[in-house]
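To start, the structure under review is shown below, and the notes come after it.
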Protein chains: 2
Amino acid sequence: MNIGEAAGASGVSAKMIRHYEAIGLLTAARSANGYRVYNDREVAVLRFIRHARDLGFPLEDVRRLLALWQDRGRASAEVKRLALAHVEALETKAESLRTMAASLRHLAAHCHGDARPDCPILDDLARKE
Amino acid sequence: MNIGEAAGASGVSAKMIRHYEAIGLLTAARSANGYRVYNDREVAVLRFIRHARDLGFPLEDVRRLLALWQDRGRASAEVKRLALAHVEALETKAESLRTMAASLRHLAAHCHGDARPDCPILDDLARKE
DNA sequence: CTTGACCTTCCCATGATGGGAATCCCCACA
DNA sequence: TGTGGGGATTCCCATCATGGGAAGGTCAAG
């Protein structure tokens, strides 16, 4: 299986497959012509990476998760710890964005939004603090 | 006022002040020795930028907001439109993160988190899809 | 006159992803 | 057998906002 087919089978772009290999998440055999060669084993790894990325794990976390996945003697406690730490990070970020949105929505609610120049949004941005 | 003092007064790092100047958000006079010179006018601009950034506006939005702020004939409708579009983006992103967090929290809830290797989190990441 | 704090520009790094160029390889078809 | 097209390779660059750090110039106080 060449990289294009592996990309199709895993849902990871060929570009990213090469990148993941460059940062050591993956290894790929090479055929005589220098093309990367993949089998179901590597495609499974690529899918694993994609799913972890879909859950927002940064690649360094993905690296650890992959190591745990491939370690039969792993303790699930370690995986759970990683996951919950990431959940914390996600929730913190989401809350931060939600707070920004609420502040701005509040400001916008008091803005006429017509042809007049008066605008509490700009007033707030220009405040002296 | 040199850049260090302007940084202190505005809450924007000297590094970022130079960057904002490089991308044209700001202009700065130079004294004979080549140092950037600021007055209250520019410090107000820097504060404006910082506040907009604190609300998560990308710099291109900040550029437009600055232009509107400095345009006395502006229509507040334009500001409001920009703000609400950004609120949308923030809420979408927040919702996306919240969804990731909920999924992962759900998976983690079913993980023993002990010395055993069985782990629904890894099982999910390794699923064939 | 030295020292230290401040300023300058320039390059590099982050994190994940993509675009695109130049070059090479392979297969199918006329 | 020649050619065309699709796919592969590597390498460089861009994004977005921010910071680190080097090498060197400037200024004020001791």
Side-chain angles (χ1 to χ4, degrees), chain A residues 1-38 42-43 45-66 86 89-90 93 96-97 100, chain B residues 1-39 42-43 45-66 86 89-90 92-93 96-97 100:
Chain A
M1 195 185 333
N2 285 344
I3 198 170
E5 200 179 343
S10 66
V12 178
S13 74
K15 204 85 182 184
M16 290 314 298
I17 295 178
R18 292 193 194 95
H19 179 61
Y20 294 156
E21 181 184 339
I23 65 173
L25 287 189
L26 203 61
T27 57
R30 299 288 182 127
S31 63
N33 56 22
Y35 286 14
R36 290 171 179 81
V37 181
Y38 301 90
E42 280 92 43
V43 169
V45 169
L46 288 169
R47 261 194 300 253
F48 185 100
I49 296 173
R50 179 168 64 82
H51 292 144
R53 291 288 305 130
D54 286 349
L55 286 173
F57 281 104
L59 288 178
E60 280 314 303
D61 282 13
V62 176
R63 187 191 302 278
R64 296 193 201 100
L65 289 169
L66 266 176
H86 180 52
L90 287 170
K93 184 70 181 170
S96 163
L97 296 180
M100 289 180 199
Chain B
M1 198 184 335
N2 284 345
I3 199 171
E5 200 178 343
S10 65
V12 177
S13 73
K15 204 86 181 181
M16 291 315 299
I17 295 178
R18 292 193 195 95
H19 179 60
Y20 292 155
E21 180 184 341
I23 65 174
L25 289 191
L26 203 61
T27 57
R30 299 289 182 128
S31 63
N33 57 22
Y35 287 14
R36 288 171 179 81
V37 180
Y38 300 91
N39 55 34
E42 279 93 41
V43 169
V45 170
L46 287 169
R47 261 195 299 255
F48 185 100
I49 295 174
R50 179 167 65 80
H51 293 145
R53 291 290 303 130
D54 287 348
L55 287 174
F57 281 104
L59 287 178
E60 280 314 301
D61 283 13
V62 176
R63 188 190 303 278
R64 295 193 202 101
L65 289 169
L66 266 175
H86 180 53
L90 288 170
T92 300
K93 184 69 181 172
S96 162
L97 296 179
M100 290 181 198

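On a predicted model such as this, the values are computed, not experimentally measured, just so you know. Numbers restart at 1 for each chain; the letters A, B, ... are given by sequence-line order, proteins then strands.
What separates CD1 of A/I23 from P of C/dT14 is a distance of 11 Å, to the nearest Å. Look at CE on B/M1: it is 12 Å from P on C/dC7, rounded to the nearest Å. Here D/dC16 presents its C1' atom at 17 Å from CZ of B/F57, a figure rounded to the nearest Å. The OH atom of B/Y20 sits 8 Å away from the C1' atom of D/dT18 (whole-angstrom rounding). Atom P of nucleotide C/dG20 and atom NE2 of A/H19 are separated by 19 Å, given to the nearest angstrom. Distance CZ (B/R30) to P (C/dT8): 6 Å, rounded to an integer number of Å. What separates CD1 of A/I49 from P of C/dT17 is a distance of 10 Å, to the nearest Å. The nearest whole Å value for the distance from the CD1 atom in B/I3 to the P atom in C/dT8 is 5 Å.
Comparing B/P58 and B/Y35 along DNA chain D, the residue whose closest nucleotide (by nearest heavy atom) sits nearer the 5' end is B/P58.
Nearest to the side-chain atoms of A/K15 among the listed nucleotides C/dC26, D/dG19, D/dC11 stands D/dC11. Counting only heavy atoms from C-beta on, A/M16 has its side chain closest to C/dG18 among C/dG18, C/dT8, C/dC25.
Between B/R50 and B/D54, the closest side-chain pair of non-hydrogen atoms falls below 4.5 Å. Looking at heavy atoms from C-beta onward, A/M16 lies out of side-chain contact with A/L46 at the 4.5 angstrom threshold. At a threshold of 4.5 Å between non-hydrogen side-chain atoms, the residues B/R53 and B/L59 count as touching.
For C/dC25, the OP1/OP2 oxygens have no side-chain nitrogen or oxygen of A/R36 closer than 4.0 Å. The shortest distance between the side-chain N/O atoms of A/N33 and the OP1/OP2 oxygens of C/dC26 is below 4.0 Å. Contact check, B/S13 against D/dT18: no side-chain N or O comes under 4.0 Å of OP1 or OP2.
When atom types are taken as modelled, the side chain of A/N2 and the backbone of A/G4 share no donor-acceptor pair closer than 3.5 angstrom.
Nearest approach of B/E42 to B/T27, heavy atoms of both residues: CG-O, 3.8 Å.
Within 4.0 Å of B/R18, counting heavy atoms only, lies at least one base atom of the nucleic acid.
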